[in-house]
Amino acid sequence: MSTTETNAGETPEVPVDPNAVSISINGRSVAARKGELIIAAADREGEYIPRFCYHPRMSSVGMCRQCLVEVEGPRGPMMVVSCMTPVADGQVVRTETEQVKRAQEGMIEMLLANHPLDCPVCDTGGECPLQDQAFSHGPGESRFVEEKRHYEKPIPISDLVFLDRERCILCDRCTRFAREVAGDPLISFTQRGNNTQVMTFPDEPFASYFSGNTVQICPVGALTAQPYRFKARPWDLEQRESTCTTCSVGCRTVVQSSRDELVRYQGVDSDPVNWGWMCDRGRFNFQSVNSEDRLGTPLMRRDGSLAATSWSVALDAVAREMRSGGAVAVLGGSRGTNEDAFMWGLLADAVGSTMRDAQMDDGLPSSVFSLPQATIDSACAAGTVVLLAPDLKEELPVLHIRLRDAATRHGLRIIEIASHDTGLTPHAWRSVRCEPGAQQDAVRSVLADAEMSAQLAGGNVVVVVGRANLAESAATTMAALDGLLSAVPAATVLPVLRRGNVRGALGLGLAPVDGNDTASVLEAAAGGKVACLVLLGADPLSDVADADLARRGIAGARFVVAVDTFLTRSAAQADVVLPAAAYGEKDGTTTNLEGRVSNVVQKITPRGTSRADWMVAAELLHLLGKDAGVATLADVQRLMSARFPAFGAAAASVEVRRNGVVVTSGGARQPAPAVSVTPRSSYDFRLVVSRKLYDLAVGTAQSPSMANLAPGAAVLVHPLDAERVGARDGANVKVSNSHSSVVLPVVSSGAVPRGTAVVPFNQPGADVRGLIRRGEPVTDVRIETV
Amino acid sequence: MSAGGTNSFAPGFYEGDRPRIVTSRFGLEDSHTLARFVATGGYEGLRRALGRPAGEVHDEVRSATVLGRGGAGFPAGTKWGLTPQEVWPRYLVVNGDESEPGTYKDRLLMERDPHQLIEGCLIACYAAGLSQCFLYIRGEMALAQERVATALNDAYAAGYVGRNILGSGFSVDIVLHWGAGAYVVGEETALIESLEGNRGMPRLKPPYFPAAIGLYGQPTIVNNVETLANLPWLMVNGAEAYTAIGTPTSPGTRMVAVSGHVKRPGVYEIVNGTTTFRDLLFGEEFCGGMRDGRTLKAFVPGGGSAPWFLPDQLDLPFEASQVGPAGSMLGSGAVMVMDDTTDIPRAALTLTRFYAHESCGKCTPCREGGTWLERILSRIVDGKGTDADLDQLMEVGQSICPGAFPHASSERLGINATPFPYRMNTICFVGPSAFAPVHSALTLFREEFDARVTRRIHIPVSAVGAAQ
Amino acid sequence: MARLTEENVRLAQEIISRYPRPRSAMIPLLHLAQEQDGYVTEDAMAHIAGLVGASPAEVYGTASFYEMFKFHPVGRYVINICGTMSCALAGAEDLMHHAEEKLGVRMGGTTDDGLITLERAECQAACTEAPCLQTNYRYSFRVTAESFDTLVDDLRAGRLADEIPPHGTVARVRQHIPADKGAGVHAPEDVKSAPAWLDGKAAL
């Protein structure tokens, strides 16, 4: 294992910088870099210049005029906006002259002229840049005696966001974010002059996956988030910095609570990861932690039904089964911390288990981690990114934002190989469509294309690889990856497995041994070969694409233990259910898709008697007579350091290294076998089952603000295919193959090529999984009207 | 010298017995047709230009010092040379969004002689290496749009525009584009935003100088209609003939609209640099003096944005280097004349209301300040103002334009001029323009405001009713 | 309440084809929509968004910036009376009061018969012919109470139907660039070098 450290804020020593310039701010000499803005240089030096529209992660617009400063010019001092004026060698900047002060006071007075000053009832009161800067840089009184602007307030502009136009100071931050960062320009300035207002198109809400960011960056209380409205006042909040584990991007966040209840997550600007942004799913799923449906006490099956019991009774029962000599299997672990996974790996070792897997047959073999690894930053700085991956906007939204930014603003060329249009398709340099099973052919056609192969030969290539289709075996992706890496051997790989800590869990003891992955474990269980099946935050009945296999596996296991926060479908079938501490209820570390280890923190008391997964493993080890000698998290990390030194060292330092520490293992490429796919028969559509951001996943479904956002089950086909089938848009059709059939509404979509049918996974309305069989490389179906 | 009557084909235009560079065809009924244009020497300038290397044509324009007629008065030949090296393509955007209060001449040039404009566009594209031309006409000018569209269609058919012009190998398209009602779009960066399909909100200069970062981020020349209309004559007659008219710093002619309380309000093509405001307002060949035997109270010398002049400034010529130090600007060639019956606060209100109404809303001082000025001024005009309001007008103005604001000198008031230009806290000139009439009116006619306001005690209001 | 008709989509595509970026055609297409329906409908804006590759919110954001675009039905004739300085100096306020009385509506209102909408406008570039007004962007100069009445009577009697097209139509002549005559669009991504004629030699 090797360790790479990336830490913003700890500027590495650079010899002589050709772009270095020296400027003077308020008489103090300041080192800056060419192209840097005055306001950024001043920030670094602790010279605060007031501002509203400026945001370091977006382009400057110079609108609010609050950041006016004086710059010495050939004809005396000039007033310039520091957010749009780059530094220049020898520049003399003054931020505190009488003239500047007067301009600042003038701007504040004008911004307050039409502001309602309803601070006592405003969510933002107490953490409001307008309020704060009115005190620090304002005139202290208003001379505006005219009638203020009036608008209806507040109005919902989406299910998650409310807009109060009276409070708005028209800084363009939200609209700029929507257009520039999210790529969802669903809000815009409308009208003109003094009547300018932010608005959506009538009947088209601000349904962006990133809408919560606009609330966070709004410098007044104009935008408020439905889940936080009137929940707390800033001065009642306690907060700790943490890492979001909703998906594997690992956005840095602050977790905020009030009266021992989670009330808000905010993005933290981590330079190598999320730049302060979050997706709405990650931002608002704190609601699920507060859910009434959380498990708070152990349950044990008695007379066919689950009933509350004590931890000692429940753990004794589990230990008894584990001691029985039958095979023990551990599935899951990617929802927990590194320490959780490590301790459960230790337990699996202790009971001689060879059956474990942190993935639900929905990812890629963990051998992808042995390939030369890329980081998010290196992918964004690459010459070319080849996407052999699911729709990142749906699965790893902030990675989508980073790559989109690189492609739209920094010249990254994306070659996308996908079965249908994705969120990045509009920004891809080349987009190659391939039907399920044909990824290897698509790679060959990319390599045969003169322009694309020349681009790849240009070097600095990153392959972003993941599981795009659950109705297709992972082998086709691995074969395509292999083909690509044979042709571009210097390429690095960024595996985009979706689950929060999947990489940590796989790397710390929960990776399959000898190919015994989730599918073969379930098959073994179905055959009565598993005595004790532990579901560690795993719900195969909902998550495994081959539903039949999951059903048989759970039913066939002699004893099923579920460690979970909710009584999931699988947990409801278990013999013992152990309540787990949720995100925000336990300390530890997590590993993101890059291998970046960073901390997660406890902010509130765990629900009921629930506890961290690692504690459960430690107790079971004790009951099994194999006590690991751990009583605290520090003990766990000590043990982890001994076994996985790089992880251990990383975990030990994340408190100070807030951007985390990247742990990767170098290795050699192992050739992947080619996969042959049989041609279609009378089942003439090839099925793609892919994820949407909002689905029935427990964290979303248990968050009231997002519970209704899942788009619902449907089958998407090309308009001409819909016509051929004879189905009108929205009409129900029967999708069937020899295994099963399901009735779904049809949606005709130009984003889907002919002959392909796309069904979103895990949606309310209908379950498509009956059509999928694990042993078949692709899934072919027929579509008929009903 | 005969004054002549108004032109029957172009109401408001007076021909007069003067050198005519851009209005020579205005007296012909069918001046807008291709046949008449060609029959009167049209497209000869283009032919001459194409007969010389492009660089030479550019040099000719540069040496003629053709001042921009849009308002800023920057020489066109110099402007064309400001593009960064080796960045292609470059575009020409023609600013036909004439909307400055008091101004109209571009409308007449488009309605009466559209081919002359087209010819000018082609010469500019050829000389400056501009690959495509977008001719942006103000949305409300239906007749101008029709005339230019017809002219373009005819010119395409005849091979004067488009591919391989006159068989020369020079090819350029002129795309007719039209606006939809927004004064601020006359500002060149807002014009570009509008042409890109956006809200017409100005961009900050620097960095967005169109010559460097313009349409689609490419080097872009934005020229006014009248500026381009000068080029055909210049190509035929040469820079020497051009500079023989007017003065070395203000050569040629310029079109000026004089409106308000004169006997004969009208549009005149005058000799640049030498003609004085007195000539224009009182000369028999121009406006013929004040109407109804009244006396001159004040006049706006260069469009609604310009600080006002008093009779003291009548002898200034149309020469930027003299008008600037006297406290105003020549702007877009529009003089608005007020006689002694004029209600000064109300007159100022009509202009301030205009700029407040036309603010794009992008930057705070203009969006909030313009309306604030308008509201205070309205109150004063309605007799509901206080003396504190008068100071407040100046204070709001300070937040828009810090420091001394330009104004004229007055012997009567014993004040000296503050020279043009002003300093501004805004992105463009719309905000300062809302303040300009207020400042002029209040500085030069304070007594009319004093008579309108009542004395009241000023009670401070807390700025922030903050929580905590 | 309509999307663009097939014929107008064809026109829209012709307009779009003249620009390096489809979005540049946004304002011309909004005019086209207003010409079709008399005002700009939501359906038309959504349609235009698709044609130029913008979001409907962006189309509305642009459209609502410009005063000529109406989002609700207006009269067949929109009369704009200028109230800026030159016209104000020539009695525009009195004319506006007269117009309100004559039509029985306030500024911004539409007559009961749906024929005329009256609006206050800012400078219309006819300052020497003050006070002036525009009827569907066609001028009347030096307007008096009497000439205003005549205008309204003529509009009501249909005597100006040939001269003044219904609201929405501004120019009745469109530009057409024949396929064999056009020099073509020059998009930044396609053009990387100086035009051929800048080679130091005369073109003719």
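Computed from heavy atoms alone, side chains included, the values below leave out hydrogens, waters and symmetry copies. The sequence lines fix the lettering, A, B, ..., with proteins before strands; numbering per chain opens at 1.
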Say you draw a straight line from [atom1] of [X] to [atom2] of [Y]; how long is it, rounded to the nearest 0.5 Å?
X	Y	atom1	atom2	value
Ile174(B)	Ile177(C)	CD1	CD1	9.0 Å
Arg138(B)	Met68(C)	CZ	CE	9.0 Å
Leu195(B)	Arg21(C)	CG	CZ	12.0 Å

Do side-chain atoms of [X] reach the backbone of [Y] as a donor and acceptor pair under 3.5 angstrom?
X	Y	answer
His176(C)	Asn153(B)	no
Arg199(B)	Ser64(C)	no
Gln132(B)	Val185(C)	no
His261(B)	Ala90(C)	no

Give the member of [options] that has the highest number of heavy-atom pairs under 4.5 Å with chain B.
options	value
Ala187(C), Cys87(C), Cys82(C)	Ala187(C)
Gln175(C), Gln34(C), Met26(C)	Gln175(C)
Gly182(C), Ala196(C), Pro195(C)	Gly182(C)
Gly61(C), Pro22(C), Ala88(C)	Gly61(C)
Lys192(C), Glu93(C), Lys181(C)	Lys181(C)
Gly184(C), Ala25(C), Gly200(C)	Gly184(C)

Does any backbone or side-chain atom of [X] lie under 4.5 Å from a heavy atom of chain C? Answer side chain, backbone, both or neither.
X	answer
Ala127(B)	backbone
Thr341(B)	neither
Leu351(B)	side chain
Leu130(B)	backbone
Thr103(B)	backbone
Val175(B)	both
Val57(B)	neither
Val300(B)	side chain
Ser99(B)	backbone
Ala151(B)	neither
Glu100(B)	backbone
Val161(B)	backbone
Arg107(B)	side chain

### Message
At under 4.5 Å between heavy atoms, what parts of residues 122-148 of chain C are in contact with chain B? List them by residue number.
### Response
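Hits under 4.5 Å: Glu122(C), Cys123(C), Gln124(C), Ala125(C), Ala126(C), Cys127(C), Thr128(C), Glu129(C), Gln134(C), Tyr137(C), Arg138(C), Tyr139(C), Phe141(C), Arg142(C).
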
Residue selection (most heavy-atom pairs with chain C, distance under 4.5 Å) from [options]:
options	answer
Gly162(B), Ala54(B), Pro53(B), Gly304(B)	Pro53(B)
Gly200(B), Gly217(B), Ala149(B)	Gly200(B)
Ile137(B), Asp106(B), Asp173(B), Thr350(B)	Asp173(B)
Ser194(B), Gly169(B), Gly167(B), Ala257(B)	Ser194(B)
Gln145(B), His177(B), Met141(B)	His177(B)
Glu98(B), Met336(B), His357(B), Glu56(B)	His357(B)

### Task
Take Arg23(C) and Glu196(B) through the test salt bridge (charged side-chain N to carboxylate O under 4.0 Å, His left out) and record every step on the way to the result.
CA-CA 6 Å; Arg23(C) 194 179 168 119; Glu196(B) 290 182 359; over 6 Å; no

### Task
List the steps, then state whether side-chain contact (heavy atoms from CB on, under 4.5 Å) holds for Tyr216(B) with Ser24(C).
CA-CA 10 Å; Tyr216(B) 314 126; Ser24(C) 281; 2.5 Å; yes

### Task
Kindly assign one of parallel, tilted or perpendicular to the pair Phe134(B) and Tyr19(C), based on the angle between their ring planes and the thresholds 30° and 60°.
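Plane angle under 30°, so parallel.
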
### Query
Between Lys201(C) and Arg52(B), is a side-chain contact (heavy atoms from CB on, under 4.5 Å) present by the stated rule, with each step listed?
CA-CA 7 Å; Lys201(C) 295 193 281 288; Arg52(B) 305 162 69 183; over 6 Å; no

### Message
Can you give me the closest heavy-atom contact between Trp197(C) and Ser131(B), atom names plus distance?
### Response
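Answer, listing the atom of Trp197(C) first, then Ser131(B): CH2-CA, 4.5 Å.
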
### Task
Run the numbers on Val185(B) and Tyr66(C) for side-chain contact (heavy atoms from CB on, under 4.5 Å), then give the verdict.
CA-CA 10 Å; Val185(B) 166; Tyr66(C) 299 92; 3.8 Å; yes

Between [X] and [Y], is any pair of side-chain heavy atoms under 4.5 Å apart?
X	Y	value
Pro20(C)	Tyr91(B)	yes
Tyr104(B)	Ser86(C)	no
Phe354(B)	Met85(C)	no
Leu198(C)	Tyr126(B)	no

### Query
Looking just at side-chain N and O atoms, do His186(C) and Gln218(B) make a donor-acceptor pair shorter than 3.5 Å?
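Their side chains do not contain a donor-acceptor pair, so the 3.5 Å distance test is not met.
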
### Query
Taking atom CG of Asp162(C) as the centre, does the number of heavy atoms from other residues, nucleotides or ligands within less than 6.0 Å exceed 12?
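No.
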
### Message
Take a 6.0 Å sphere around CD of Glu101(C) and say whether it holds more than 12 heavy atoms from other residues, nucleotides or ligands.
### Response
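No, not enclosed.
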
